[in-house]
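As the structure is a prediction and not an experimental result, all values here were calculated from the model. Computed from heavy atoms alone, side chains included, the values below leave out hydrogens, waters and symmetry copies. In what follows, residues are counted from 1 in the order of the sequence shown.
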Amino acid sequence: MLIRRIARPLLSAVFIGQGIDSLRNPKPAAEAAAPTVDGLRALPDPVGSRIPSDPQTFAQINAAVQIGGGLLLATGRAPRIASAALAFTVLPANLGAHMFWSESDPQAKAQKRKDFLTDLSLLGGLIIASADTAGKPSLGWRGRRAAERLSERVSSALPGSDDGFDADLAELGEKIAHGLQAGAERGRELASTAAERSAPLAKKARKRGEEWADTARDRGAELAEIARLRGSEFANTAAARGSELADAARERVGDGVKTRRRRRPW
């Protein structure tokens with residue numbers, strides 16, 4: 001939004017300028033921060049022990065926060081965080097310089113009072129800027145809306161609601177119970193069927209095994225007798241053929257000898 005783009009640099013200009021002046025000339029800033037440093041160091045541990053004892057160091061840290069937060073706010077980057085950080089630097093940086101209640105000179109007292117009120121005005125502007133969501137719902141509003149929606153859903157799901165939650169839950173429970181009962185019955189049927197079918201199958205397998213054993217025993221004796229007879233036949237055939245082959249070999253040898261004798265010249 002155009003107004004925010006104009007207002008944020010205007011609001012941050014004073015802090016950027018004050019931070020630069022404090023870094024360039026830290027002595028006045030250290031004197032102004034001395035009462036704040038004493039008050040913060042008096043706090044219980046661990047807060048008090050973490051505060052720098054040197055007011056000048058505290059003033060330099062405060063000035064760095066003012067410059068960094070002012071630049072972030074002016075450019076619109078993390079404006080809420082930057083505004084909150086700048087708000088914490090207002091009083092520590094200017095409290096010692098604007099203590100009008102301890103001033104005796106009326107003119108100086110009036111000037112310090114004016115500066116103190118100006119700082120309070122800046123503090124108020126920074127608080128508003130830190131709460132500005134740029135038209136978007138804040139975290140608190142979104143948290144409350146989420147809690148309301150959750151409460152509505154829980155209320156609608158409670159017994160006695162209009163959407164029939166109890167009826168649906170009871171129906172679902174009946175379906176689950178019926179499914180479990182049907183599964184148990186089916187399991188019992190399968191177990192009974194398996195038991196009934198297994199006994200005849202075992203008996204049939206035992207009977208077939210006995211038949212195969214008898215067949216193997218009978219066929220073994222028969223095959224052994226056939227093998228013995230065929231062995232005798234093979235032996236007789238081999239003996240007969242052996243005599244014939246021996247006679248044929250002797251005749252062939254005799255013929256060869258006679259032929260060689262005829263071919264000799266003497």
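- The distance from the CG atom of Asn62 to the CD atom of Gln60 is 11.0 Å, given to the nearest 0.5 Å.
- Leu122 and Leu73 fall within a single hydrophobic cluster, where Ile, Leu, Val, Met, Phe, Trp and Tyr side chains are chained together by heavy-atom contacts under 4.5 Å.
- Using a cut-off of 4.0 Å between Lys/Arg side-chain N and Asp/Glu carboxylate O, Arg80 and Asp132 are scored as not salt-bridged.
- Here the closest non-hydrogen pair linking Leu11 and Gly125 is CD2-O, 4.1 Å.
- Taking OG from Ser121 and CG from Leu126, the interatomic distance works out to 11.0 Å, rounded to the nearest 0.5 Å.
- Atom CG of Leu120 sits about 11.0 Å away from atom CG of Asp115, to the nearest 0.5 Å.
- Atom CG of residue Leu117 and atom NZ of residue Lys112 lie 14.0 Å apart, to the nearest 0.5 angstrom.
- Atom CZ of Arg5 has 12 or fewer neighbouring heavy atoms from other residues, nucleotides or ligands inside a 6.0 Å radius.
- Within 6.0 Å of atom CD1 in Ile81, 12 or fewer heavy atoms from other residues, nucleotides or ligands are found, so the atom counts as exposed in its surroundings.
- Residues Phe15 and Val65 do not share a hydrophobic cluster, clusters being chains of Ile/Leu/Val/Met/Phe/Trp/Tyr side chains in contact below 4.5 Å.
- Within a 6.0 Å sphere centred on CD1 of Ile3, other residues, nucleotides and ligands contribute 12 heavy atoms or fewer.
- A continuous path of Ile, Leu, Val, Met, Phe, Trp and Tyr side chains, each step under 4.5 Å between heavy atoms, connects Val14 with Val90, placing both in one hydrophobic cluster.
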Give the C-alpha distance, both sets of side-chain angles, the deciding distance and a yes or no for side-chain contact (heavy atoms from CB on, under 4.5 Å) between Ile67 and Leu23. CA-CA 10 Å; Ile67 296 173; Leu23 290 178; 3.5 Å; yes

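- Here the OG atom belonging to Ser22 is positioned 15.0 Å from the NZ atom belonging to Lys27, to the nearest 0.5 angstrom.
- The two residues Pro55 and Ala30 come nearest to each other via the heavy atoms CB-O, 3.5 Å.
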